[in-house]
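Treat the numbers as computed from the prediction; the structure is a model and nothing was measured.
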Number of protein chains: 2
Amino acid sequence: MPKSSSPAAARAPTATRILDVAERLLQTRGYNGFSYADIAEELGITKASLHHHFATKADLGSALVRRYAEQFTVALQAIDASAPSALGKLERYVQLYEQVVRGERLCLCGMLAAEYGTLPRPMQEQIRKFFDANETWLAAAIEQGRRTAELRGRGAATDLARMLLGVLEGAMLVAHPFNDVRRFTSAARAALAGLVATP
Amino acid sequence: MPKSSSPAAARAPTATRILDVAERLLQTRGYNGFSYADIAEELGITKASLHHHFATKADLGSALVRRYAEQFTVALQAIDASAPSALGKLERYVQLYEQVVRGERLCLCGMLAAEYGTLPRPMQEQIRKFFDANETWLAAAIEQGRRTAELRGRGAATDLARMLLGVLEGAMLVAHPFNDVRRFTSAARAALAGLVATP
DNA sequence: GTCTATAGGCAGATAGAC
DNA sequence: GTCTATCTGCCTATAGAC
């Protein structure tokens with residue numbers, strides 16, 4: 001497989017390796033918490049070489065959000081294609097977040113939401129679209145769950161979608177300083193349990 | 001009232017005015033997103049004067065978290081002293097967060113949780129204590145609500161406390177890029193509704 | 001307590017050789 | 001595509017006069 005697309009492939013194209021390192025730095029230290037020097041040192045190249053691939057830090061940031069959002073879209077499509085039940089979809093959605101927590105990272109867009117006021121405008125628009133897309137997908141899954149009577153029918157689906165998105169982003173945020181996955185999983189489990197129809 | 005303790009008093013002691021400006025900058029731009037120059041310009045004093053009151057940025061950061069956590073503790077005690085029902089306590093707890101959202105800010109410790117990996121060690125410890133204290137208070141309120149049968153009895157109180165803390169921190173985080181209080185309130189309302197005992 | 005002046009370092013970014 | 005060298009500007013922090 002000459003053109004491996006594995007995330008941390010050592011012999012991937014330089015642009016990809018830059019994105020991989022920058023993504024980890026962004027998800028652990030924030031946009032204002034890492035520099036071109038950090039990436040350059042880790043990859044063993046110079047800052048000037050980085051600027052050849054991504055002219056400005058704003059360009060690099062936009063590329064990072066774009067790739068992250070695309071991967072997320074693909075993951076959601078995979079869930080839609082394979083998970084039959086609404087509850088199954090929501091459980092797999094939670095697993096997407098849990099994997100990020102296990103990697104000792106934050107959601108890339110959650111991190112950037114915190115720093116929102118300091119970001120270049122193109123990145124700001126990308127972040128809003130990411131959350132809108134997540135909310136829409138969650139609301140659709142919740143609507144489905146109501147039609148099949150898997151989920152409780154109380155309240156607007158949009159409100160429940162926002163609640164679920166909030167739990168996952170927030171529990172991830174709070175678990176981060178403790179580096180404790182259980183802080184995330186227990187919150188996520190409680191939120192899902194509250195959605196399930198009670199006989 | 002010569003010694004007013006109002007947050008933005010124009011004639012408050014200089015140290016207090018510094019903390020007020022720095023707090024707003026921290027809650028909107030993050031620890032790595034503001035500088036002594038920003039504070040100095042806004043107050044019309046020099047950076048050197050700032051260093052007289054807070055020798056290092058780490059000192060300023062610690063003082064900010066300390067004050068924020070103290071004010072939060074006072075607010076929780078006020079709720080305990082005046083709110084009779086468990087649901088009333090939780091609703092007033094939600095209002096604490098809602099006020100922050102209306103001020104177009106993030107929770108100070110939520111912001112710092114995102115930047116956790118870049119912070120000086122003393123601040124890191126303060127942040128963990130803040131979340132532990134919140135979780136403990138919420139779990140106690142939820143336990144009370146079960147004894148009085150106000151709240152649903154399913155799941156561990158700690159899990160529900162983490163869920164609620166997560167919703168509030170996360171919904172605040174997601175609402176921030178949209179500057180839309182409803183994104184917060186609808187999520188918070190849905191979370192509370194899921195806790196209430198259903199007859 | 002506030003100022004001027006400045007140190008020393010790191011940030012993002014560019015020019016131009018190879 | 002990568003390098004060396006450099007620029008400009010901002011950062012935190014300090015020395016010392018008033």
Earliest and latest nucleotide of DNA chain C, 5' to 3', sitting under 4.0 Å from a non-hydrogen atom of chain A?
dA11(C) to dA15(C)
Indicate the ring-plane relationship of Phe130(A) and Tyr68(A), choosing parallel, tilted or perpendicular according to the 30° and 60° boundaries.
tilted
Residues which pass salt bridge (Lys or Arg N to Asp or Glu O under 4.0 Å) with Glu23(A), listed by chain and number, not counting sequence neighbours
Arg67(A), Arg105(A)
Under 3.5 Å donor-acceptor pairs involving side-chain atoms of residues 45-52 of chain A, not counting sequence neighbours:
from: Thr46(A); atom 1: OG1; to: Ser49(A); atom 2: N; distance (Å): 3.3
from: Thr46(A); atom 1: OG1; to: Ser49(A); atom 2: OG; distance (Å): 3.2
from: His51(A); atom 1: ND1; to: Ala55(A); atom 2: O; distance (Å): 2.7

So which one's nearest nucleotide on DNA chain C is more toward 5', Ala48(A) or His52(B)?
His52(B)
Are the charged groups of Glu125(A) and Arg121(A) less than 4.0 angstrom apart, N to O?
no
What is the distance, to the nearest angstrom, from the NE2 atom on His51(A) to the C1' atom on dA5(D)?
14 Å
List the residues meeting ring-ring contact (aromatic ring centres under 6.0 Å, His included) with Tyr116(B), not counting sequence neighbours, and say none if there are none.
none
Compute whether any side-chain donor of one residue and acceptor of the other, for Asp59(B) and Ser62(B), lie under 3.5 angstrom apart.
no
Using a heavy-atom distance cut-off of less than 4.0 Å, which residues of residues 114-126 of chain A contact DNA chain C?
none
Check DNA chain C against residues 26-47 of chain B and give the residues with a non-hydrogen atom under 4.0 Å, in numerical order.
Gly44(B), Ile45(B), Thr46(B)
Between Glu42(A) and Arg24(A) (salt bridge meaning N to carboxylate O under 4.0 Å), is one present in this structure?
yes
Ignoring hydrogens and angles, tell me if any N or O in the side chain of Glu115(B) forms a donor-acceptor pair with the backbone of Asn32(B) under 3.5 Å.
yes
Please check if the side chain of Tyr31(B) supplies one atom and the backbone of Lys57(B) the other of a donor-acceptor pair under 3.5 Å.
yes
Are any of the side-chain nitrogens in Asp132(B) or Arg183(A) under 4.0 Å away from the carboxylate oxygens of its partner?
yes
